[in-house]
Protein chains: 2
Amino acid sequence: MLEQIVGRLKAAGIKPSMQRIKIYEYFFHHENHPTAEQIYQDLKKEVPTLSKATVYNTIGLFIEKGLVKFTTTDRQNARYDLTDTDHGHFICSVCNEIYDFPYRFSKQYSDLEGFEIQSEEIVIKGICRKCLKKH
Amino acid sequence: MLEQIVGRLKAAGIKPSMQRIKIYEYFFHHENHPTAEQIYQDLKKEVPTLSKATVYNTIGLFIEKGLVKFTTTDRQNARYDLTDTDHGHFICSVCNEIYDFPYRFSKQYSDLEGFEIQSEEIVIKGICRKCLKKH
DNA sequence: GTATCTGCAAAACATTTGCAATTCT
DNA sequence: AGAATTGCAAATGTTTTGCAGATAC
């Protein structure tokens, strides 16, 4: 696992420092698109000297190198996604949890002829099953 | 036209003040999802006493009453959409312009059974034709 | 005249930046 | 030592809030 993390960082041209490994690893263990704040709060327990600036800067580096991308689910806080699979995002307006669901993009949009497509995202907002049950 | 604006505001339970009419009207005349700042800058010419707080508060009221909703295209600045039609958003990563394109949502997602769906948005990022031509 | 609405200034909040201290090789 | 990385504190930029004055009914 750790080998895989380090390998991917190196492959992306990123020197695998302690902080970078921990942050990248965090994305693998926390699938529901954490905010920088959540990453910071959780990792501080393991790496007490960690600063929020480092979290932001490191994620910025990951984005630049293509390991991670923004989701556009949440306008308040930035949320991130590993750049692996085609999937849609459902965000619950009560608990703010993000759920991934399988979704295949069409890749072809007749009304966007002549446009270069770089990424596609579908965002569904509503109330998740867990929150619906609470009422 | 003005009648239509005023009518919609009243129907939504919003008292149609000068500022509110101008701001709501603005959305009808500017289809590409302006930011609060753009609305403020443009309307200031007509309504010099307008303050940015009023723009934000008024849009907030519109959202609360369901006349307008956030788009999730842009993480830097809030952008808004009239809650009318089914369409997708294309955002150009060069000029930051938003293009609407026809898109029919499926409304049915087998993997979201038991979830209540309130809104759907598809966001495609890339480079628009205009910017591609410049190179 | 009372309730609502507006606008200013300040506050709040997420994110970025400059720079000094630290770490790694 | 030299280069890269990190962490702090301050800056930035957007959005929200408190409150006093203005407006509308």
Novice: So, A:S93 side chain and A:G126 main chain: donor-acceptor pair closer than 3.5 Å or not?
Specialist: yes

Novice: Using 0.5 Å steps for rounding, measure from the CD atom of A:Q118 to the CD1 atom of B:I91.
Specialist: 11.0 Å

Novice: Among B:N32, B:D81, B:T71, B:T72, find the residue that satisfies the side-chain hydrogen bond (donor to acceptor under 3.5 Å, both in side chains) test when tested with B:H89.
Specialist: B:D81

Novice: For a 4.5 angstrom cut-off between non-hydrogen side-chain atoms, does B:E120 reach B:K107?
Specialist: yes

Novice: Going by number, which of residues 44-80 of chain B have a non-hydrogen atom under 4.0 Å from DNA chain C?
Specialist: B:T49, B:L50, B:S51, B:A53, B:T54, B:R75

Novice: Under the 3.5 angstrom rule, does the side chain of A:R75 hit a backbone N or O of B:F70 as a donor-acceptor pair?
Specialist: no

Novice: Could you state the atom-to-atom distance from OH of B:Y40 to P of C:dT6 in whole Å?
Specialist: 15 Å

Novice: Do the two ring centres, one from B:F115 and one from B:Y109, sit under 6.0 Å apart?
Specialist: no

Novice: Looking only at atom types and distance, does a side-chain atom of A:T54 sit under 3.5 Å from a main-chain N or O of A:L50, one as donor and one as acceptor?
Specialist: no

Novice: For the aromatic rings, using the six-membered ring if either is Trp, is the centroid distance between A:Y24 and A:Y26 under 6.0 Å?
Specialist: no

Novice: Return the residues of residues 3-24 of chain B meeting this criterion: a heavy atom under 4.0 Å from some atom of DNA chain C. Order them by number, or give none.
Specialist: B:K15, B:S17, B:Q19, B:R20

